[in-house]
2 protein chains.
Amino acid sequence: MQHQKLATIEDVAALAGVSIATVSRAINEPTKVADETRRKVTEAIARTGYTTNAMARSLRMRRSNMILILAPDVGDPNFSNILVGLETEASKRGYGVLIGNTQNDPARETDYLRFISSNQADGLILFTGHLPYGFGQDGTEGRLPPMVAVNEPVPNAEVPFVGVDNFEGARIATEHLISQGHRRIAFVGRSSAREVNRLREEGYRRALAGAGIAIDPRMIIDGDGTTESGRAAAELMFVRDALPTAFFCVNDATALGVIISLNARHYDLPRQFSIMGFDDISFSSFVTPSLTTMKQPRHRIGEAAMELLLELLAGEKPHEQQVLLRAELIVRNSVTRVG
Amino acid sequence: MQHQKLATIEDVAALAGVSIATVSRAINEPTKVADETRRKVTEAIARTGYTTNAMARSLRMRRSNMILILAPDVGDPNFSNILVGLETEASKRGYGVLIGNTQNDPARETDYLRFISSNQADGLILFTGHLPYGFGQDGTEGRLPPMVAVNEPVPNAEVPFVGVDNFEGARIATEHLISQGHRRIAFVGRSSAREVNRLREEGYRRALAGAGIAIDPRMIIDGDGTTESGRAAAELMFVRDALPTAFFCVNDATALGVIISLNARHYDLPRQFSIMGFDDISFSSFVTPSLTTMKQPRHRIGEAAMELLLELLAGEKPHEQQVLLRAELIVRNSVTRVG
DNA sequence: ACCATTCATGAAAACCTTTACATCATCACA
DNA sequence: TGTGATGATGTAAAGGTTTTCATGAATGGT
């Protein structure tokens with residue numbers, strides 16, 4: 001019932017009648033060992049059921065083949081979808097994936113660093129948008145481990161970033177609305193503090209400018225990206241009595257808020273108003289009307305980020321400080337032709 | 001820029017003017033060392049920035065303080081919500097959490113076992129509903145590591161299980177429908193092969209029996225728990241022309257299918273039909289009408305499972321082979337009073 | 001027939017801890 | 001003063017690898 005003692009490399013060596021060095025080589029550098037010897041070793045391994053003790057190996061090699069993933073909210077679907085890509089790529093390359101849920105708690109962020117400083121993880125994937133608390137500030141400066149930011153870039157730090165091209169995506173989204181005949185297009189979710197919101201607004205502006213449409217400041221509404229902020233924004237437009245024919249929302253959560261507000265006022269969607277989101281989160285296809293939106297290539301973001309991190313670990317200089325992947329237009333029912 | 005050599009226990013010992021054994025004790029069994037010595041050691045640790053090398057420690061102690069979580073789909077929201085609970089509890093007890101995405105691929109399942117056999121993980125949390133491929137079959141029999149199943153029990157194996165009480169939850173759900181005056185209640189999602197479906201059907205039957213309502217076999221429709229199966233089931237009922245006043249669906253995905261079908265037929269929900277789900281997945285509050293359902297206590301399931309696993313690891317015999325937590329009735333708009 | 005390579009293997013060091021055991025001082029008690 | 005117990009510390013082994021260096025055999029070229 002209990003964990004019996006496992007076979008070690010010595011057991012294998014004894015059974016195969018060679019030294020442990022040879023066994024090690026037969027496993028890790030098969031070409032460096034004679035065919036006949038290799039055969040004997042392989043058989044001995046099979047007979048003993050030997051597996052290399054990863055602890056001993058890591059201790060000796062000074063690397064664990066583990067990657068620590070630090071995220072503020074592990075339950076967030078955005079996180080978990082990127083995680084799939086991260087895990088797939090890591091596993092393909094023989095790496096394991098360790099997860100840390102920080103809940104934006106500085107204490108927990110610091111705590112998780114022990115995995116790095118104790119050699120339990122070789123590299124770091126950051127979802128948090130900032131360096132873990134306890135890093136870059138004191139003398140530990142130069143000791144930053146290899147890391148890659150995902151989802152949100154890390155400002156004021158030289159951390160490579162992999163994410164979606166928000167500017168380009170927002171431009172495509174807005175152009176789609178324009179191509180459907182819309183001229184009065186609102187942007188819901190302005191927030192100068194948030195990089196993501198800023199970039200998406202920028203793409204929106206570029207698309208309008210490109211189509212020769214003047215920008216009406218009343219069409220740009222503040223919002224922090226929550227559903228509630230979307231609801232409030234729509235209400236505000238009714239109060240102001242400055243109505244668009246289409247809402248481009250900074251994200252799907254915001255779009256949902258707008259839809260809730262419009263439904264509550266008994267408008268017939270999408271006939272009377274078109275709504276465009278961004279992200280393609282899971283409920284977007286279920287809401288009525290189902291949401292036309294820009295899909296983030298989450299799986300690929302994860303893969304690309306892990307790929308980049310592993311390059312860094314291998315000592316290669318990264319080709320670029322930033323990898324931006326294109327979002328994909330998903331046409332559903334919330335946007336219709338107008339005019 | 002590069003990872004400089006880290007301080008070891010010897011550096012600390014030298015600086016504090018004691019032996020490495022004393023340093024180790026000062027860290028792990030502080031009471032066994034004199035106050036003054038402990039002070040010197042603590043200071044030396046601070047000065048050197050020493051952290052114990054987890055690899056060396058694990059090698060010596062024959063345990064890694066890591067738990068491997070094996071799941072068929074890491075992207076599944078059901079998984080990630082339970083994961084939060086697992087991670088929280090593990091981290092609280094000083095354990096790290098390693099995740100493995102198997103995609104139900106036998107090769108990947110086997111592959112992940114190396115974490116166990118190579119001592120990189122001390123225990124296992126199983127989301128898969130079966131032993132990892134490559135276990136229990138050959139001679140490796142008795143060597144099963146400590147593990148706990150979650151989400152789905154493992155049939156024919158003595159693996160402790162933590163999950164929701166499906167029977168009880170289904171009973172409560174059905175009783176809620178009955179309390180709203182419904183007598184003709186359909187059960188959508190019968191499947192004798194699936195344990196979950198079987199238990200929920202059982203709870204449904206018990207509730208009807210308890211209320212003295214005869215069971216009409218035409219009210220029980222097959223389904224595998226997918227949205228499509230829910231849609232098909234509803235259509236089937238129209239073909240058969242045997243209509244209920246309420247649908248109790250084996251899960252929310254199925255309920256969504258039923259809603260889609262009824263909406264397509266332009267019924268006015270929930271006035272003409274009530275719909276009850278089970279699980280409370282994320283979109284349930286967004287669909288129209290928003291879904292009345294049974295909420296799985298996912299966070300607590302995770303915590304309880306990890307708690308149980310850590311007890312097992314500590315060598316304690318588990319009090320029970322199965323921990324069932326109660327689902328909570330979430331009242332939204334898809335169920336109304338009738339008659 | 002001799003020398004220089006090349007190739008296959010082995011011995012032993014190093015990676016960094018924890019801990020069993022030994023040592024030594026101190027103290028209480030008779 | 002002598003004895004036994006107690007408490008603090010040190011020495012050294014053990015945990016299982018990888019890898020450097022050394023050794024010896026075989027090979028190839030002259």
Side-chain angles (χ1 to χ4, degrees), chain A residues 3-42 44-45 48-66 94 114-120 122, chain B residues 3-42 44-45 48-66 94 114-120 122:
Chain A
H3 243 8
Q4 19 199 341
K5 216 187 315 182
L6 297 151
T8 89
I9 201 174
E10 288 202 65
D11 301 330
V12 176
L15 190 59
V18 298
S19 78
I20 62 169
T22 303
V23 175
S24 174
R25 274 189 290 258
I27 296 173
N28 303 309
E29 314 160 290
T31 64
K32 293 201 175 175
V33 79
D35 288 359
E36 170 58 9
T37 316
R38 189 169 52 241
R39 204 193 48 70
K40 281 190 300 188
V41 171
T42 324
I45 289 179
T48 53
Y50 169 77
T51 339
T52 342
N53 179 317
M55 277 21 220
R57 160 181 259 245
S58 295
L59 172 58
R60 172 63 221 235
M61 304 194 49
R62 282 217 190 76
R63 36 178 268 176
S64 55
N65 278 20
M66 287 280 164
R114 77 187 144 88
F115 284 108
I116 298 291
S117 56
S118 72
N119 272 343
Q120 257 175 123
D122 302 333
Chain B
H3 242 9
Q4 17 198 341
K5 215 186 321 181
L6 295 152
T8 90
I9 202 173
E10 287 201 66
D11 302 330
V12 177
L15 190 59
V18 298
S19 77
I20 62 169
T22 302
V23 174
S24 174
R25 276 190 289 256
I27 295 172
N28 302 310
E29 313 160 290
T31 64
K32 292 202 175 176
V33 77
D35 287 1
E36 171 60 9
T37 316
R38 188 167 55 239
R39 204 192 48 69
K40 283 190 299 189
V41 171
T42 324
I45 289 179
T48 52
Y50 169 77
T51 341
T52 2
N53 179 317
M55 277 24 219
R57 160 181 260 247
S58 296
L59 173 58
R60 173 63 221 238
M61 303 192 52
R62 282 214 187 76
R63 35 178 273 176
S64 55
N65 277 19
M66 287 281 167
R114 78 186 143 89
F115 284 108
I116 298 290
S117 56
S118 73
N119 272 344
Q120 256 175 125
D122 302 334

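Heavy atoms only: backbone and side chains are in, while hydrogens, waters and symmetry mates are out.
- Within 4.0 Å (heavy atoms only), T52(A) reaches sugar-phosphate atoms of the nucleic acid but no base atom.
- Across all strands, T31(B) comes closer than 4.0 Å to no nucleic acid atom at all (heavy-atom distances).
- Separating the CG atom of L59(A) from the P atom of dA13(C) is a distance of 17 Å, rounded to the nearest angstrom.
- OP1 or OP2 of dT18(D) has at least one side-chain nitrogen or oxygen of S24(A) nearer than 4.0 Å.
- Comparing the start and finish of the helix from dA1(C)-dT30(D) to dA30(C)-dT1(D), five pairs each, the helix axis swings through 40°, to the nearest 10 degrees.
- A heavy-atom distance below 4.5 Å is found between the side chains of R38(A) and D35(A).
- We find that CD of E10(A) is positioned 12 Å from C1' of dA12(C), with the value rounded to whole Å.
- Put simply, CD on E29(B) is 14 Å from P on dG7(D), counting in whole angstrom units.
- We find that CZ of R62(A) is positioned 19 Å from P of dT17(D), with the value rounded to whole Å.
- Residue T51(B) is classed as a sugar-phosphate contact, given heavy-atom separations below 4.0 Å to backbone atoms only.
- Residues T52(B) and I9(B) fail the side-chain proximity criterion, which asks for heavy atoms closer than 4.5 Å.
- As a whole-Å value, the separation of N53(B) CG from dT17(D) P is 17 Å.
- A donor-acceptor distance shorter than 3.5 angstrom exists from the side chain of S58(B) to the backbone of A54(B), with no hydrogens or angles considered.
- Among the atoms of the strands shown, only primed sugar atoms or phosphate atoms (P, OP1, OP2) are found under 4.0 Å from some heavy atom of T22(A).
- For I20(B) and dG10(D), the CD1 to C1' distance is 10 Å, given to the nearest whole Å.
- Residues in residues 12-22 of chain A take part in no salt bridge (Lys or Arg N to Asp or Glu O under 4.0 Å) pair, two or more places apart or across chains.
- Closest to the I9(B) side chain, of the nucleotides dG10(D), dT18(D), dT17(C), is dT17(C).
- Between A21(A) and M55(A), the residue anchored closer to the 5' end of DNA chain D is M55(A), taking for each the nucleotide with the nearest heavy atom.
- Less than 4.0 Å separates DNA chain C from no heavy atom of any residue of residues 32-40 of chain B.
- Counting to the nearest Å, the P atom of dG16(D) and the CZ atom of R63(B) are 16 Å from each other.
- Using a 4.5 Å heavy-atom threshold, the side chains of V23(B) and V18(B) count as touching.
- In this model, the phosphate group of dT18(C) is approached by a side-chain N or O of N28(B) to a distance below 4.0 Å at OP1 or OP2.
- For R60(B) against dT17(C), no side-chain N or O and base N or O form a donor-acceptor pair under 3.5 Å.
- Residues I27(A) and I45(A) meet the side-chain proximity criterion, which asks for heavy atoms closer than 4.5 Å.
- Considering only heavy atoms from C-beta on, D122(A) comes within 4.5 Å of S64(A) through its side chain.
- Comparing Y50(B) and R25(B) against DNA chain C, the residue whose closest nucleotide sits nearer the 5' end is Y50(B).
- T8(B) has its side chain out of reach of N53(B): every pair of non-hydrogen atoms, C-beta onward, lies at least 4.5 Å apart.
- Comparing dT18(D), dG10(C), dG10(D) against the side chain of M61(A) picks out dT18(D) as the nearest.
- No side-chain heavy atom of R62(A) sits less than 4.5 Å from a side-chain heavy atom of M55(B).
- Taking only distance into account, the side chain of R57(B) never meets the base of dG15(D) through a donor-acceptor pair shorter than 3.5 Å.
- In this structure, the side chains of N119(B) and L6(A) come closer than 4.5 Å at one or more pairs of heavy atoms.
- Look at CD on Q120(B): it is 16 Å from C1' on dG15(D), rounded to the nearest Å.
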